[in-house]
Amino acid sequence: MNPPAIAIDGPAASGKSTVAKLVASQFGYTFINTGAMYRAIAWYLHRHGIAPTEVEKIKELLPDIPLEFGKEGSSSTVLFAGKVLTAELTEPAVNETVSIVAAVPEVRSFLLRKQREYNRSEAVVMEGRDIGSVVFPDTPFKYFVTASPEVRAARRAAQGLTDSISERDKNDASRSCAPLTQAPDALLVDTSDLTIEQVVRLIARDIESKLSH
Ligand code: CDP
């Protein structure tokens, strides 16, 4: 049996990254940001002048894409040419294309294998769109973190990023392969009127009670 996998899904700018990181550190689990994995592929394609709609080219390139999905300390990282990608992943071109790239089934199955590998030997808190529904459908630890569209738009603007989150949400929820969805057995956490601490406490309590059963 694999170590525990905590699945945290939700729409853009719902606060799930911050919450997932804190939950991971509280339990001593590894934090995995799957959005960064999709973003890295979108960044690489953009850098090579490949449009997100050039599906055949993307499929061909995927197995040889020189990105490394690794770990530094207790968090996942994506490396290109030995360098950890950070600011590159939130460039406007990446925000614009990532949800189109993420709708390509071959991109999803390529990353799915890598995401599951992280949980072979260690407990993880994994954050994304399809973690509870597709990546770890059997985990009892599923949380769907959301907030009102106004709150989410304000949170993204406060980060100073150009990002059309409603466009991405629409793409993510309407794609046929692994769309953004609340798994039927996921606990819904609306963070609109909660502090980060309150959200973390709520999720941590649920995990603890399930771990002790
Ligand atoms: O930080 P934010 O919530 O805005 O986005 P993210 O988690 O970095 O994800 C960026 C994009 O990657 C999403 O809009 C999805 O298109 C895609 N994604 C996905 O399809 N499946 C995942 N498990 C994670 C991200």
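Worth knowing before you read on, the calculation uses all heavy atoms, side chains too, and leaves out hydrogens, waters and symmetry mates.
- Between Thr90 atom OG1 and Leu85 atom CG the span is 11.0 Å, to the nearest 0.5 Å.
- Proximity of Tyr143 to Leu202: side-chain heavy atoms (C-beta onward) are nowhere separated by under 4.5 Å.
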Self-check item: Arg155 and Thr191: CA distance, side-chain angles, deciding distance, side chain to side chain donor-acceptor pair (under 3.5 Å) verdict
Solution: CA-CA 12 Å; Arg155 284 178 186 164; Thr191 70; 3.1 Å; yes

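- Here Leu180 is tied into one hydrophobic group with Phe144, Leu188, each link being a pair of ILVMFWY side chains closer than 4.5 Å.
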Run the side-chain donor-acceptor check on residues 19-30: report pairs under 3.5 Å with partners two or more places apart or on a different chain.
residue: Thr30; atom: OG1; partner: Glu122; partner atom: OE1; Å: 2.6

Self-check item: Working for side chain to side chain donor-acceptor pair (under 3.5 Å), residues Arg201 and Gln198
Solution: CA-CA 5 Å; Arg201 210 176 307 134; Gln198 286 172 318; over 6 Å; no

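- Here the straight-line distance linking atom NZ of Lys114 with atom OG of Ser76 works out to 13.5 Å at 0.5 Å rounding.
- Using modelled atom types, one side-chain atom of Asp9 and one backbone atom of Ile131 make a donor-acceptor pair closer than 3.5 Å.
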Please table the atom pairs, donor to acceptor, closer than 3.5 Å between any side-chain atom in residues 37-51 and protein atoms at least two apart or in another chain.
residue: Tyr38; atom: OH; partner: Arg108; partner atom: NH2; Å: 3.1
residue: Arg39; atom: NH1; partner: Leu89; partner atom: O; Å: 2.9
residue: Arg39; atom: NH1; partner: Asn95; partner atom: OD1; Å: 2.7
residue: His48; atom: ND1; partner: Tyr44; partner atom: O; Å: 2.9

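- Remark: Thr97 OG1 to Glu91 CD distance equals 10.0 Å, nearest 0.5 Å.
- Salt bridge Glu56/Lys59: present, at least one basic N to carboxylate O contact under 4.0 Å.
- For the pair Ala5 and Thr139, the tightest heavy-atom approach, listed with the atom from each and the gap, is O-OG1, 2.5 Å.
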Exercise. Check step by step if side-chain contact (heavy atoms from CB on, under 4.5 Å) holds for Leu112 and Val135.
Key: CA-CA 6 Å; Leu112 177 65; Val135 185; 3.7 Å; yes

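- Judged by the 6.0 Å and 45° rule, Lys83 forms no cation-pi pair with Phe80.
- The shortest heavy-atom contact between Ser133 and Arg129 is OG-O, 4.4 Å.
- In this structure, Glu208 places its CD atom where more than 12 heavy-atom neighbours from other residues, nucleotides or ligands lie under 6.0 Å away.
- In this structure, Ile6 CD1 and Asn119 CG are separated by 9.5 Å, a value rounded to the nearest 0.5 Å.
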Self-check item: Residues Glu106, Ile58; criterion side-chain contact (heavy atoms from CB on, under 4.5 Å); working and verdict
Solution: CA-CA 9 Å; Glu106 287 77 6; Ile58 296 174; over 6 Å; no

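- Counting heavy atoms from C-beta outward, Tyr118 and Phe69 have side chains that approach closer than 4.5 Å.
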